[in-house]
Amino acid sequence: MTDGDLQLVASKRELRSRAAAVRDEINPLRRGEWSSLVCRHALEWLEETGVKSLMVYVPFRSELDTRPLIEWCWANERKVILPRVHADTGELSLHRVESWNELAQGAYGIPEPAETSPAIGEEAGPLVVFVPGLAFDARGGRLGYGRGYYDRLWARFRVSASGTPENTVWIGLAYGAQVLPEVPMDVHDAYMDMLITEEGMLNCRKKGD
Ligand SMILES: Nc1nc2c(c(=O)[nH]1)N(C=O)[C@@H](CNc1ccc(C(=O)N[C@@H](CCC(=O)O)C(=O)O)cc1)CN2
Ligand SMILES: Nc1ncnc2c1ncn2[C@@H]1O[C@H](COP(=O)(O)OP(=O)(O)OP(=O)(O)O)[C@@H](O)[C@H]1O
């Protein structure tokens, strides 16, 4: 690693712990209200754009709560795809899920599709990916927990031959307090196309940039 790489790792690590503390300190009632607002913005956007298939995360720790959005999707004929962590390879597999009963506690204690759930291929993958994070910036920069899972998924979607990935819209979901002036980014890091906070939607970049 170069000095620059080491500096980036150190600045990400420091920011990660500060950002986690900021998120943990948001009052849980507020977190619930803001999560509902974010889910409402997200589902209005899904209705406007007519998107029928989306990938989303199930929250853990103090993350923005996506459960209202997931339930709305199940009630409105949207296909919900959830990731399953493969800690040995650093990859996420994608699985269609139709009820909470299909989930089991996975790596890191996150509820995930059970081991028996069949994985879907990238070509059948979602056109929209809702992404968790510790911090984001207005360029679409993102800081996660430091294992690169979403960065690898983003890279996989970009190189896949099917054509779907180019059209995939990556949307960070966050509380407004998680949007910072600038998040440090390295060459692997996934950029979001949009962010949704309780304040509304933010367009980060035009496709083809
Ligand atoms: N709800 C949710 N699901 C998700 C993610 C996420 O951020 N949120 N991920 C997004 O990528 C993946 C899981 N990534 C994770 C990566 C690290 C840790 C973790 O506990 N890290 C330690 C740090 C030390 C270590 O690296 O072991 C920690 O935070 O204490 C948890 C989840 C896939 N599923
Ligand atoms: N496309 C990739 N291929 C291989 N390794 C990658 C790729 N993207 C990221 N990594 C590696 O993953 C590790 C973690 O990256 P980073 O600190 O950016 O994680 P993060 O985005 O915060 O985490 P997460 O996505 O798990 O929430 C780094 O060592 C990085 O080199």
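In this chain, numbering begins with 1 at the start of the sequence shown. Counting starts at 1 for both ligands and their atoms, in listed order.
A donor-acceptor pair under 3.5 Å links the side-chain atoms of Arg156 to the main chain of Leu92, judged by distance alone. Within the 3.5 Å criterion, the main-chain N or O of Ile26 finds a donor-acceptor partner in the side chain of Arg31. At distances below 3.5 Å, at least one donor-acceptor pair connects side-chain atoms of Arg152 with backbone N or O atoms of Gly90. Panel note: side chain Gln178, backbone Phe136; no donor-acceptor pair is recorded below 3.5 Å. Side-chain atoms of Arg78 come within 3.5 Å of backbone atoms of Asn76 as a donor-acceptor pair (strictly under, hydrogens ignored).
Remark: minimum distance from atom 3 (N) of ligand 1 to any protein heavy atom is reached at Ile110 CD1, 3.5 Å. With respect to atom 9 (N) of ligand 1, the closest heavy atom belonging to the protein is Tyr150 CE1, 3.7 Å. Among all protein heavy atoms, the one lying closest to atom 8 (N) of ligand 1 is Glu63 OE2, 2.7 Å. In terms of protein heavy-atom proximity, atom 27 (O) of ligand 1 is nearest to Arg147 NH2, 2.7 Å. Among all non-hydrogen protein atoms, the one lying nearest atom 23 (C) of ligand 1 is Tyr145 O, 4.6 Å. Protein heavy atom in closest approach to atom 33 (C) of ligand 1: Val85 CG2, 3.5 Å.
Classification of the Tyr150-Trp170 ring pair by plane angle, with boundaries at 30° and 60°, yields perpendicular.
The ligand atoms of ligand 1 that sit less than 4.0 angstrom from a heavy atom of Val58 are 1 (N), 2 (C).
When the options Phe60, Tyr149, Tyr57 are ranked by their closest heavy atom to atom 13 (C) of ligand 1, first place goes to Tyr149.
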Could you walk me through whether Leu180 and Leu15 satisfy the side-chain contact (heavy atoms from CB on, under 4.5 Å) test, starting with their C-alpha distance in whole Å, then the side-chain angles of each, then the deciding distance to 0.1 Å, before giving a yes or no? CA-CA 10 Å; Leu180 306 181; Leu15 187 57; 3.8 Å; yes

Would Val128 and Phe130 count as a side-chain contact (heavy atoms from CB on, under 4.5 Å) here? Give the steps. CA-CA 7 Å; Val128 175; Phe130 288 108; 3.8 Å; yes

N or O contacts of ligand 2 with protein under 3.5 Å, please list pair by pair.
| unit_1 | atom_1 | unit_2 | atom_2 | d |
| --- | --- | --- | --- | --- |
| ligand 2 | 12 (O) | Arg152 | NH2 | 3.2 |
| ligand 2 | 17 (O) | Arg16 | NH2 | 3.1 |
| ligand 2 | 18 (O) | Lys12 | NZ | 2.9 |
| ligand 2 | 18 (O) | Asp151 | OD2 | 3.0 |
| ligand 2 | 18 (O) | Asp189 | OD1 | 2.6 |
| ligand 2 | 19 (O) | Gly148 | N | 3.2 |
| ligand 2 | 21 (O) | Arg142 | NH1 | 3.3 |
| ligand 2 | 21 (O) | Asp151 | OD2 | 2.9 |
| ligand 2 | 22 (O) | Arg16 | NH2 | 3.1 |
| ligand 2 | 22 (O) | Gly144 | N | 2.8 |
| ligand 2 | 22 (O) | Gly144 | O | 3.1 |
| ligand 2 | 22 (O) | Gly146 | N | 3.1 |
| ligand 2 | 23 (O) | Gly146 | N | 3.0 |
| ligand 2 | 23 (O) | Arg147 | N | 3.2 |
| ligand 2 | 23 (O) | Gly148 | N | 3.1 |
| ligand 2 | 25 (O) | Arg142 | NH1 | 3.2 |
| ligand 2 | 25 (O) | Tyr149 | N | 3.2 |
| ligand 2 | 25 (O) | Tyr150 | N | 3.2 |
| ligand 2 | 26 (O) | Arg147 | N | 3.3 |
| ligand 2 | 26 (O) | Gly148 | N | 3.0 |
| ligand 2 | 26 (O) | Tyr149 | N | 3.1 |
| ligand 2 | 27 (O) | Arg142 | NH2 | 2.9 |
| ligand 2 | 27 (O) | Tyr145 | N | 3.0 |

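In this structure, atom 25 (C) of ligand 1 is in close contact with the protein, since a protein heavy atom lies within 4.0 Å of it. In this structure, atom 17 (C) of ligand 1 has a protein heavy-atom contact shorter than 4.0 Å.
Heavy atoms of other residues, nucleotides or ligands lying less than 6.0 angstrom from CZ of Arg16 number more than 12. With a 6.0 Å radius and a threshold of 12 heavy atoms from other residues, nucleotides or ligands, Arg139 has its CZ atom above the threshold.
Distances shorter than 4.0 angstrom occur between a heavy atom of Arg61 and an atom of ligand 1.
Under a 4.0 Å N-O distance rule, the pair Glu14/Arg18 qualifies as a salt bridge.
Aromatic pair Phe60/Tyr145: centroids less than 6.0 angstrom apart.
At a 4.0 Å heavy-atom cut-off, ligand 1 touches Leu92 through the side chain alone.
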